Each structure stands twice: as C-alpha cells, then as structure tokens.
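Presented below is the structure to which this report refers.
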Amino acid sequence: MVTTQISIENEVTLRNLQAAYEGESNAHEKYAAFAIKADSEGLHGAASLFRAAARAEEIHARNHARVIRQLGAEPTATLHPLNIKSTIENLHEARCGERYEIDSMYPEFIREARGHNNTAALLAFEWALEAEKTHARLFSEAIAVIDSGWLIAARTFYVCTACGYTSETPESERCPTCNLLWEKFEVVR
Ligand SMILES: [Fe+2]
Ligand SMILES: [Fe+2]
C-alpha cells in the first residue's frame, strides 16, 4: 500500500473531510432510526423518505472516505447517541441538519478545497451539497403535508449511487448533479 505524505495544504482539507465523513455517518444512522420510528407511527411515506436520505448520506460518507484515503489517512467517525422523537419533530430536525450543511458547512469546505486546488475533495463536497439541497426540499414538502395523510403510504424515491442526489420522480436520463445514467440509480421505498 502506498502512503502519501500529508502536506500542510492538505491538512485543513483533510480535517474538513473527516468532519464531513463524521457528519454524514451520523446522518445515515439517524435517518435509518427515524425511518423505523416513522414506520411505527404508520407514516410509511416519511419512512421511505428517511430511508432514501439515509442511503444518500451513506454514499456521501463513502465518497468522503475515498478522498481521505487518497490523502493518506484513515476515515474516522464518532457516532453520537440518537435522540428519536415524533416523526414530525424528526422531520424538522432532519431539515435543520440539512440547512446547516447547505448554508454553512459545505460552502466553507468547498471554499477551502478550491483555495488549495484539492479537486477530489471539492467534487465530494459539491456533490454532497447538491444532494443535501434535494433532501432539504423533500423534508420541507413532507413537513407541509404531514397532517394530510399524504405520507401514510410508502413512497418510491430514486437515489444516485454516485453522488446521493435524491428524487421522488424519474426525471431525466442522467443525474443532474453528476451525470450518472438514470438506470444506475437505486430505488428506495
Ligand atoms: Fe442529506
Ligand atoms: Fe449523481
């Protein structure tokens, strides 16, 4: 195995990658638990959404881990204890987490990676950012209809296996974020 010397320029990028890896690993665990809770409340559509988002966060963690290894380090994450509330509260918490990543975390990490020309990290952050936007939108839509009964039946979501882009409709031949062929998307219910 080839080990890479970690340069000073890569130190901050690496720290950001580890933070993103930990965030995505925790989001994956959290959404998987929220899905079980939603099923137990009879909100199977919300459970489908949490399962799709959980899968996307797993893909982000995998992508960040790959770049961390390319930079010569091992990915490490501390998983935090889960605090599972009602599904409506869980949807609000999920949206809040996505907003933090969209408004603060990923833009900062992207600026830093771009400043140091770390293209692999830049791509991993940009793909995650775009997918988190789809999650924030889907969580907002779910919150808006939670009382209408619309979320009772299980729903189908489509998750890009390369970048985590998540959609409720098959909308194009390729992923709008990373260009992956639609047939390679994963169907999550
Ligand atoms: Fe997300
Ligand atoms: Fe994609």
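Reckoned from all heavy atoms, side chains included, excluding hydrogens, waters and symmetry mates. Every number for a ligand or one of its atoms is a count from 1 in the order of the listing. Numbers here simply count residues along the sequence, with the first being 1. Predicted model only: the values in this text are computed from it and were never measured.
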For the residue pair H64 and Y106, categorise the inter-ring angle as parallel (less than 30°), tilted (30 to 60°) or perpendicular (more than 60°). tilted
Among the N, O or S atoms of E132, which one sits nearest to the Fe ion (ligand 1)? OE1
In E57, what N, O or S atom is nearest to the Fe ion (ligand 1), if we give its atom name? OE2
Rounding to 10°, state the angle centred on the Fe ion (ligand 1) that links OE2 in E98 with ND1 in H135. 100°
Hey, what's the angle at the Fe ion (ligand 2) spanning SG (C175) and SG (C163), nearest 10 degrees? 100°
Tightest non-hydrogen contact, residues A46 and T87, listed as CB-CG2, 3.9 Å
Checking side-chain polar atoms at under 3.5 Å, does E57 have a donor or acceptor matched by the opposite partner on H135? yes
How long is the gap from NE2 on H116 to CD on E11, to the nearest 0.5 Å? 10.0 Å
